[in-house]
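Only one structure is covered here, and it is reproduced in the block below.
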Number of protein chains: 2
Amino acid sequence: MNIGEVSQAAGLPAKTIRYYEDIGLITPLRGANGYRQFTQAHLHKLAFIARARGLGFSIDQCRTLLALYEDRGRASADVKDLARTHLDEIDAKMAELAEMRRILADLVHACAGDDRPDCPILSGLAAPITSD
Amino acid sequence: MNIGEVSQAAGLPAKTIRYYEDIGLITPLRGANGYRQFTQAHLHKLAFIARARGLGFSIDQCRTLLALYEDRGRASADVKDLARTHLDEIDAKMAELAEMRRILADLVHACAGDDRPDCPILSGLAAPITSD
DNA sequence: GATAGGGCTTCCCGTTGCTGGAAGGTCAAG
DNA sequence: CTTGACCTTCCAGCAACGGGAAGCCCTATC
């Protein structure tokens, strides 16, 4: 397969696939014309990466996941550890966003949003909300 | 004030403040020795930016917020629009994270996490979960 | 006056994960 | 033979800084 075809099949832009080759995630063969040649195994790997990325795993985590995937002697505990680490990262991000959201929603709620200049949002940014 | 002092007072790394100058967010004066000279007004602006960044506003949004802040004739509706846009962005990110979290948590839950190689997490990544 | 230390300056590279674009080779169809 | 869709490489850039080098500046101490 050429890159266009795997791109379609894996749901990844060709640019991304070239990038993945650059950083050593996959290593397609080359045809006589210099075109990259992908096998079903390559496609399988790319789809694997695409899904892992879709779950928010970093490229480095994907690299580790791929290595575990291809290591038939792995312990599932290792995979689970990695996944749980990532789950914690997600939870941390969600908590951070929730906190932002909470404060921001309060400010938005307090703002009249009319044509007058008084704005609790700007005031809130100009000085932290002191509750005394 | 020198950069170290405002850095402390605004809670921003000196590097960040220099960067903000680079991109035109603030324009401190310069002393005879070439050192940046910050006024209380500069500090105020930096603290404003720091809080806006803390709420997740992009640099560009901060630029707009600053402009609105300094425009005494602004309409609070403009501020509210921007804030609401950002609120929507936060909601979108949270939804995306929640969806990742949901799937990932399922996979983690299904994984024994022992020394055997069978791993639903890897299987789930290798092929999407088909419920038929 | 020399020296040590801290703070300040600029400059340039690295990060993450790509994306866009230019300049050019290749291939199949008409 | 030409057109157009592929493919190739390389270079640049995004956000929002952070690290570190090389080199002034300022103050304190001896």
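All chains are named by letter (A, B, ...) in the order of the sequence lines, taking the proteins before the strands, and each is independently numbered beginning at 1.
For DNA chain D, the outermost nucleotides in 5' to 3' order that have an atom under 4.0 Å from a heavy atom of chain A are dC6(D) to dC10(D).
Here the closest heavy-atom approach between residue I121(A) and residue L107(A) is recorded as CG1-O, 3.6 Å.
For the pair R36(B) and dC8(C), the criterion of a side-chain N or O lying under 4.0 Å from OP1 or OP2 is not met.
More than 12 heavy atoms of other residues, nucleotides or ligands sit less than 6.0 Å from atom CD of E70(B).
Taking atom CD of Q37(A) as the reference point, atom C1' of dC27(C) lies 13 Å away to the nearest angstrom. Atom pair N33(A):CG and dA28(C):C1' shows a separation of 13 Å (rounding to whole Å applied).
The closest donor-acceptor contact from the side chain of S7(B) to the backbone of L12(B) lies under 3.5 Å. At distances below 3.5 Å, at least one donor-acceptor pair connects side-chain atoms of R74(B) with backbone N or O atoms of Y69(B). H86(A) places no side-chain N or O within donor-acceptor distance of the main-chain N or O of L104(B), the cut-off being under 3.5 Å.
As judged by a 4.0 angstrom heavy-atom cut-off over every strand, I3(A) is placed among residues touching the sugar-phosphate backbone only.
Using a 4.0 Å cut-off between a side-chain N of Lys or Arg and a carboxylate O of Asp or Glu, R18(A) and E21(A) do not qualify as a salt bridge. Salt-bridge formation is detected for the pair R102(B)/E99(B): a Lys NZ or Arg NE/NH1/NH2 atom is positioned less than 4.0 Å from an Asp or Glu carboxylate oxygen.
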Side chain to side chain contact (heavy atoms under 4.5 Å, CB included) evaluation trace for L25(B) with Y19(B): CA-CA 9 Å; L25(B) 267 188; Y19(B) 172 67; over 6 Å; no
Sugar-phosphate or base contact per nucleotide [nucleotides 14-21 of chain C; S, B, -; heavy atom under 4.0 Å]: ---BBSBB
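Between A32(A) and E5(B), it is E5(B) whose nearest contact on DNA chain C lies nearer the 5' terminus.
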